[in-house]
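Not measured: the values here are computed from a predicted model. Numbers here are sequence positions counted from 1.
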Amino acid sequence: MDTRTVVQVGVLFSRSGPYADLGEQGYAGTMAGIAAVNARTGLPFRLEASVADPKGNTDRYAALAAELVSGGEVRHIVGCTTSWSRKEVIPVLEKTQALLWYPCVYEGFEANENVVYVGACANQHILPLLEFALPAFGRRGFLLGSNYIWGWETCRIARDVILRSGGEVLGERHVPLGDADIDRIIDEIHRKKPDFILNSLIGPSSYAFLRAYRALGERDGDFAPGRRPVLSCNLGENEIVKIMPAAEGHYTTATYFETLETQENARFLAGLPEDARAAGISAFFAQAYSAVLLIAAGIEVTGGAAALDVLEAVKARAVETPFGPLRIDPANNHIHVVAHVARATAGGRYDIVRQGRDAIAPDPFLIRSALAVPAIETATAPSRPQLRLV
């Protein structure tokens with residue numbers, strides 16, 4: 001009989017609705033992290049999941065978060081996919097002094113004391129992606145996003161980067177969450193011939209676009225992935241394996257890829273059950289898994305004190321995760337993390353084309369991040385500008 005103290009961890013992901021594939025990865029990563037912690041010997045506690053599913057209904061997140069923390073046993077919630085849902089939950093956390101461990105990539109421009117941002121912020125995803133893409137593909141971009149905070153802000157940042165580099169935005173379009181009616185957008189891209197498309201759609205909208213863009217490339221070779229690629233910041237392995245060949249040849253950036261050849265990743269993958277790996281292990285899965293490890297590390301130090309005390313304990317140390325030693329920035333509750341760029345293969349996996357080496361300090365408000373771009377108007381200037389992040 002297991003006599004260890006039970007610590008409840010809230011798990012708040014939508015496993016149905018317009019972004020169910022993403023929510024399923026967050027849920028699966030959290031549950032795998034809980035299993036990994038509970039398998040460790042010598043810990044005086046074990047974790048137990050208290051699961052709530054908003055089913056893609058943003059209005060349900062705050063109510064379910066309140067239910068999770070109402071009894072006082074749940075002080076930590078791993079969850080939320082969209083920024084919209086995260087912002088709905090924050091007032092509940094502030095009122096109860098609970099913590100949300102948010103494992104999804106997001107647009108930045110937030111630093112709340114009751115949220116730990118275990119996913120990358122803008123200077124850790126969109127800036128490295130454009131640093132790679134502009135010299136490689138050109139400066140004429142087309143911006144595409146889901147019609148909410150993530151899409152708006154990601155496209156706004158991309159527009160600023162492209163224009164500052166001397167480039168041109170040929171169009172910007174946003175579609176409602178879950179909307180798969182994108183033929184008009186394909187027609188516009190066909191007419192305008194951008195050098196690349198930045199895809200900030202999520203879920204079925206993204207899948208419909210990639211399938212339609214693949215069909216366009218088959219009709220007109222000028223839109224083959226090697227000629228005018230699609231760039232994404234939020235398209236995981238579990239998604240591309242389901243929509244192949246639509247994603248083949250296109251690019252994404254992430255803090256983690258299943259194909260990373262590191263000792264930490266090898267140990268992580270070896271410890272996962274085969275059924276988890278079969279679906280593809282995304283950065284979202286790895287970040288949710290790591291969030292649980294961070295929670296456990298803090299509880300181990302404090303003995304399960306108040307949630308904010310657990311966070312302070314974790315801030316004082318680096319915790320071993322699939323990313324390597326993970327550190328939370330004490331100034332803004334974001335992680336220091338490495339960014340990678342990869343290209344989707346026909347087999348439904350990612351080949352890393354630029355592997356990051358050094359962890360990027362989080363800059364959620366883009367205060368310290370800047371672009372250094374050479375002049376491009378002279379006859380001797382390069383046709384494709386070089387970007388440098390400082």
### Query
Relative to Phe142, does Arg228 satisfy both conditions: NZ or CZ under 6.0 angstrom from the six-membered ring centre, and within 45 degrees of the ring's axis?
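Not satisfied by the 6.0 Å and 45° rule.
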
### Task
Measure from NZ or CZ of Arg15 to the centre of the six-membered ring of Tyr27, then state whether that distance is under 6.0 Å and the direction lies within 45° of the axis.
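Pair Arg15/Tyr27 counts as cation-pi.
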
### Task
Would you name the heavy atoms of Ile185 and Arg173 that are closest together and state the gap between them?
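Answer, listing the atom of Ile185 first, then Arg173: CD1-CB, 4.1 Å.
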
Using only atom types and a distance under 3.5 Å, with no angle test, would you say the side chain of [X] pairs donor to acceptor with the backbone of [Y]?
| X | Y | value |
| --- | --- | --- |
| Gln124 | Cys121 | yes |
| Thr321 | Phe323 | yes |
| Arg86 | Leu100 | no |
| Asn332 | Ala111 | no |
| Ser205 | Asp179 | yes |
| Gln8 | Val74 | no |
| Ser14 | Gly23 | no |
| Arg4 | Gly42 | no |
| Arg368 | Pro362 | yes |
| Asn38 | Leu47 | yes |

### Spacing of Leu170 atom CG and Asp195 atom CG [to the nearest 0.5 Å]
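If I round to the nearest 0.5 Å, the distance is 7.5 Å.
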
With a 4.0 Å cut-off on N to O distance, would you call [X] and [Y] a salt bridge?
| X | Y | answer |
| --- | --- | --- |
| Glu107 | Lys87 | no |
| Arg214 | Glu248 | yes |
| Asp222 | Arg227 | yes |

### side chain to side chain contact (heavy atoms under 4.5 Å, CB included) between Asn333 and Val115, worked out
CA-CA 7 Å; Asn333 283 6; Val115 181; 5.8 Å; no

### Query
Excluding sequence neighbours, so at least two apart, what forms side-chain hydrogen bond (donor to acceptor under 3.5 Å, both in side chains) with Glu67?
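Scan of Glu67 (side-chain hydrogen bond (donor to acceptor under 3.5 Å, both in side chains), adjacent residues dropped) gives none.
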
### Task
Taking salt bridge (charged side-chain N to carboxylate O under 4.0 Å, His left out) as the test, write out the residues that go with Glu258, two or more places apart.
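In terms of salt bridge (charged side-chain N to carboxylate O under 4.0 Å, His left out), with neighbours along the sequence ignored, Glu258 is linked to Arg277, Arg349.
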
### Query
Is any side-chain heavy atom of Val78 closer than 4.5 Å to a side-chain heavy atom of Ile34?
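A side-chain contact is absent here, since even the closest heavy-atom pair is not under 4.5 Å.
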
Taking [Y] as the starting point, is it possible to reach [X] by hopping between hydrophobic residues whose side chains are less than 4.5 Å apart?
| X | Y | value |
| --- | --- | --- |
| Leu308 | Trp101 | yes |
| Ile149 | Phe365 | no |
| Leu216 | Leu231 | no |
| Val310 | Leu68 | yes |
| Ile182 | Phe196 | no |

### Proximity of His340 and Tyr350 rings by center, below 6.0 Å
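For His340 and Tyr350, the ring centres are not under 6.0 Å apart.
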
### Query
Is it true that Tyr289 and Phe268 have ring centroids separated by less than 6.0 Å?
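Yes: the rings meet the under 6.0 Å criterion.
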
So among [options], which one has a side chain to side chain contact (heavy atoms under 4.5 Å, CB included) with [X]?
| X | options | value |
| --- | --- | --- |
| His336 | Leu326, Asp329, Ile328 | Asp329 |
| Asn123 | Ile157, Leu366, Ile367 | Leu366 |
| Leu198 | Ile126, Val230, Ile162, Val169 | Ile126 |

### Task
Applying side chain to side chain donor-acceptor pair (under 3.5 Å), run through Tyr106 and Glu153 and close with a yes or a no.
CA-CA 9 Å; Tyr106 90 116; Glu153 290 299 307; over 6 Å; no

### Task
For Tyr256 and Gln287, run side chain to side chain donor-acceptor pair (under 3.5 Å): C-alpha distance rounded to whole Å, both residues' side-chain angles, the deciding distance at 0.1 Å, then the answer.
CA-CA 8 Å; Tyr256 171 88; Gln287 287 156 185; over 6 Å; no

### Message
Between Glu239 and Asn234, is the side chain to side chain donor-acceptor pair (under 3.5 Å) condition met? List the steps.
### Response
CA-CA 10 Å; Glu239 296 176 287; Asn234 61 333; over 6 Å; no

### Query
If you draw a 6.0 Å radius around NZ in Lys193, do more than 12 non-hydrogen atoms from other residues or ligands fall strictly inside?
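More than 12 within 6.0 Å, yes.
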
### Task
Show your working on side chain to side chain contact (heavy atoms under 4.5 Å, CB included) between Arg317 and Val301 and close with a plain yes or no.
CA-CA 10 Å; Arg317 59 188 296 192; Val301 172; 3.1 Å; yes

